[in-house]
Amino acid sequence: MMFTDSAIEAEAERLLGSLMHVECDPKGRKWNLDTCREIAPLTLEINQLKKEKNAVILTHSYVEPEIVYGVGDFKGDSYFLSLKAQESRADIILFAGVVFMAETAKILSPEATVIVPDRGSGCSLADSITGADVRLMKSLYPDAAVVCYINSTAEVKAECDVCVTSGNVYDIVASLPQQRIVFVPDRLMADNIRNELRQRGVNKEIISSDGTCMVHEEFDVEQIKQARAQFPGLKVVSHPECTEEVAQASDFVGSTGAMMKYVKATPAPYFLMLTECGLVGRLEVEDPEKSFIGGCRLCPYMKLNSLEKIRDALRAPRPGQIVTLDENLRQSAARCIDRMFELTP
Ligand code: 13P
Ligand code: SF4
C-alpha cells in the first residue's frame with residue numbers, strides 16, 4: 001500500500017506521542033520522529049488492513065511497544081484479553097502475544113479466524129506439560145480439583161476443571177470445595193498459592209507439576225536487597241510466576257494488569273519491576289512521571305512478534321499462522337475457561 005507523505009508524517013507524530021516515553025526498549029532504540037517515520041507506513045497499512053478485513057488486534061503488554069501503541073486495539077493481561085476475545089465480533093482476531101493466548105482466543109471465539117504472527121511463540125510454562133501428563137495426575141489424585149494456569153495449551157485446558165490467571169488464581173483456588181488441588185503447570189506459582197492461602201487461613205493441599213516461567217524464575221532476592229540498599233523508598237513489584245522468596249520480599253505481587261494499577265496508584269520515588277520488560281515500557285508511556293530502575297527481563301517468545309509479521313499475516317496468513325482446534329477438545333477447554341469466568345469475583 002502507498003501512503004502520502006502527509007499521512008506518514010501524521011502517523012509518525014501519533015506514534016511519537018506514545019513511544020517518546022519508552023526508555024526500556026527491547027532493541028535499545030531511542031524513539032524520535034525519524035524512527036517513528038520508519039515504522040509509520042507499516043502501522044498505517046496494518047490499521048488499514050484491520051478495517052478492510054474486520055480484524056482486531058489483541059496485544060499482551062509484553063510485546064514490543066510499537067505493536068502495543070501502533071496497532072493494538074486492546075492491550076492488557078491474559079484475563080482482560082480473554083474477555084476481549086470472548087466479546088469480539090471481529091472476523092479476524094490477531095493475537096500479538098504467544099500461541100497459548102491465541103489458542104485461548106480461538107476457544108472463546110470459535111467463529112473467528114484467529115491468527116498468531118509467529119507459530120514459534122511458545123511459552124516455557126505452556127510447553128512443560130501435555131494432556132497425557134494431566135490425565136496421569138488425575139489418575140493419581142482422583143479426589144482433587146484440577147486447576148490449570150491459563151499459560152497452558154488447549155489440550156491441557158481440556159483436561160482440567162477450571163482455568164485461572166495470575167489475577168484470579170488465589171480467589172478461585174480458595175473458593176473450590178475440594179481440599180486437594182492439582183495445579184498445573186507452574187511450580188513456583190503453586191508455592192505462592194500455598195503461602196497466600198495459608199495467610200488467608202484456607203487449608204488446601206496443592207500438588208503441582210514442574211513447569212516454570214523462564215523469565216520470572218530468574219529473579220532473586222539478592223537483586224531486591226541490592227536495589228533497596230541503593231534506592232531508598234523503592235517499591236518492588238513482582239509477578240506470581242516468581243519464586244516464593246522473591247514474592248515475599250516484594251511490596252506487591254500480582255498480574256501484569258494489577259502491577260500496572262499498583263504502580264499508577266502508588267507514590268514512590270523508584271520502582272523495581274520483576275517481570276518482562278514490556279510492562280516497564282507500558283508504564284513509561286502511561287505513567288511517565290514514575291522512575292523505574294531496571295531489572296526486568298525479556299521473554300524471547302513475546303519478542304517473536306513484529307509489525308512485519310503482523311502485516312504479512314493480515315495480508316494473507318500462512319496455514320501455520322491460523323489457529324485450528326479439534327471441536328470436541330475446544331468445547332472441553334471452553335468449559336474450563338467458562339468456569340473461570342463464573343468463579344472470578
Ligand atoms: P499476565 O496474565 O499477568 O499478563 O501474565 C501472562 C504471562 O505470560 C506472564 O509471564
Ligand atoms: Fe511464558 Fe514466561 Fe514468556 Fe510469560 S514471560 S509467555 S510465562 S515464558
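In each ligand, atom 1 is the first atom listed, and ligand 1 is the first ligand listed.
- A single hydrophobic cluster is not seen to contain both V236 and L188; linkage of ILVMFWY side chains at heavy-atom distances under 4.5 Å, directly or through other members, places them apart.
- Ring orientation note: the planes of H239 and H216 are tilted relative to one another, at an angle of 30° to 60°.
- Qualifying side-chain hydrogen bond (donor to acceptor under 3.5 Å, both in side chains) partners for E13, counting only residues two or more places apart in sequence or in other chains: none.
- Follow the hydrophobic side-chain contacts under 4.5 Å out from L16 and you never reach V71; the two are in separate clusters.
- Screening residues 72-81 for side chain to side chain donor-acceptor pair (under 3.5 Å) gives K50-D73, D77-S255 as the qualifying pairs, with residues at least two apart or on separate chains.
- The pair E327-R330 meets the salt-bridge criterion, since a charged nitrogen lies less than 4.0 angstrom from a carboxylate oxygen.
- Classification of E11 and R14 as a salt-bridged pair holds, one side-chain N sitting under 4.0 Å from a carboxylate O.
- Contact shell of ligand 1 (protein heavy atoms, cutoff 4.0 Å): H60, Y62, D77, S78, Y149, N151, S166, H216, H239, E241, S255, T256.
- A donor-acceptor pair shorter than 3.5 Å can be found between the side chains of T275 and Y62.
- Protein contacts to atom 2 (Fe) of ligand 2 involving N, O or S atoms at a distance below 2.8 Å are C213 SG.
- Salt bridge status for R37 with D5: absent, with no side-chain N to carboxylate O gap under 4.0 Å.
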